[in-house]
Amino acid sequence: SQQGEEDPQALSIQEGENATMNCSYKTSINNLQWYRQNSGRGLVHLILIRSNEREKHSGRLRVTLDTSKKSSSLLITASRAADTASYFCAQGGSEKLVFGKGTKLTVNP
Amino acid sequence: DTAVSQTPKYLVTQMGNDKSIKCEQNLGHDTMYWYKQDSKKFLKIMFSYNNKELIINETVPNRFSPKSPDKAHLNLHINSLELGDSAVYFCASSQITGEGEQETQYFGPGTRLLVL
């Protein structure tokens with residue numbers, strides 16, 4: 001299977017804390033993307049990091065990519081209750097995205 | 001304006017029935033997708049169309065037939081529905097770069113299908 005994996009599967013933190021989610025993948029990539037899915041909704045794109053990039057920031061999000069280890073991490077700083085959602089990484093190849101199994105993040109007020 | 005829309009949002013039906021889900025995108029993208037998300041939230045691609053042509057068919061049973069009348073629409077018809085077809089189906093669209101690289105995908109709100 002080409003499917004990647006997020007770690008941990010579930011994460012529960014307090015508001016204001018940082019949340020870190022990791023993603024490992026198996027195949028070569030053009031880019032690595034992170035998406036958020038709120039309960040009962042569609043996926044929303046958060047950030048895309050290209051294979052020749054090592055780190056990218058967007059607001060409270062910070063993504064790193066290590067192609068030698070085939071891994072990426074998503075850091076959400078100063079979390080809010082509204083960040084409660086499932087987060088998926090997706091390997092961007094030439095034909096399709098391959099999604100991981102997701103990390104379910106709960107931010108407690 | 002909704003970028004990617006799907007209808008219906010909910011679909012409850014009996015085993016053996018035939019049903020269709022419609023998807024439309026107003027982003028001007030060339031590529032559209034259907035995904036299936038199971039009860040464990042695993043998201044798996046089913047089909048991909050580029051400019052009305054099928055480019056990905058991920059070993060989906062032939063009871064599932066996508067149809068793309070134009071590049072802004074990708075519909076999914078399912079024949080002889082089975083219990084295992086119960087899932088959330090997502091439509092998405094994107095623009096693939098000239099180098100063939102997958103860019104951001106935009107997802108619809110999903111269609112929750114329950115087969116009884």
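Here is the naming used below: chain letters follow the sequence lines, and residue numbers restart at 1 for every chain. Scope of the values below: all heavy atoms of this structure, side chains included, with no hydrogens, waters or symmetry mates.
Separation of the B/Tyr35 and A/Phe99 ring centroids falls under the 6.0 Å cut-off.
Heavy atoms of B/Glu103 lying under 4.5 Å from chain A belong to its backbone as well as its side chain. In this structure, the portion of A/Leu48 lying under 4.5 Å from any heavy atom of chain B is its side chain and not its backbone.
Between A/Gln33 and B/Thr104, the closest heavy-atom pair is OE1-CA, 3.7 Å.
Most heavy-atom pairs under 4.5 Å with chain A: of the set B/Gly108, B/Pro109, B/Gly110, B/Ser94, this distinction falls to B/Pro109. In terms of non-hydrogen atom pairs under 4.5 Å with chain B, the most contact-rich of A/Ala90, A/Gly40, A/Gly92, A/Gly102 is A/Gly40.
Heavy atoms of other residues, nucleotides or ligands lying less than 6.0 angstrom from NZ of A/Lys104 number 12 at most. Remark: A/Gln9 CD is loosely packed, at most 12 non-hydrogen atoms of other residues, nucleotides or ligands lying under 6.0 Å away. Dense packing is recorded around CZ of B/Arg63, with more than 12 heavy atoms of other residues, nucleotides or ligands lying under 6.0 Å away. When the shell of 6.0 Å around CD of B/Glu58 is examined, it contains more than 12 heavy atoms from other residues, nucleotides or ligands. Within a 6.0 Å radius of NZ in B/Lys71, more than 12 heavy atoms belonging to other residues, nucleotides or ligands are found.
When side chains are defined from C-beta on, A/Leu97 does not count as touching B/Ile45, because their heavy atoms never get closer than 4.5 Å.
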Quick one, B/Lys40 with A/Lys101, criterion side-chain contact (heavy atoms from CB on, under 4.5 Å). Give me CA distance, side-chain angles, the key distance, then yes/no.
CA-CA 8 Å; B/Lys40 295 183 180 178; A/Lys101 295 178 181 176; over 6 Å; no
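In terms of modelled atom types and a separation under 3.5 Å, the side chain of B/Tyr106 and the main chain of A/His45 share no donor-acceptor contact.
Between the side chains of B/Gln37 and A/Gln37, at least one donor-acceptor pair of N or O atoms lies under 3.5 Å.
Residues B/Leu76 and B/Val12 do not share a hydrophobic cluster, defined by chaining ILVMFWY side chains whose heavy atoms lie under 4.5 Å apart. Transitive grouping of hydrophobic side chains (ILVMFWY, heavy atoms separated by less than 4.5 Å) keeps A/Phe88 and B/Trp34 in distinct clusters.
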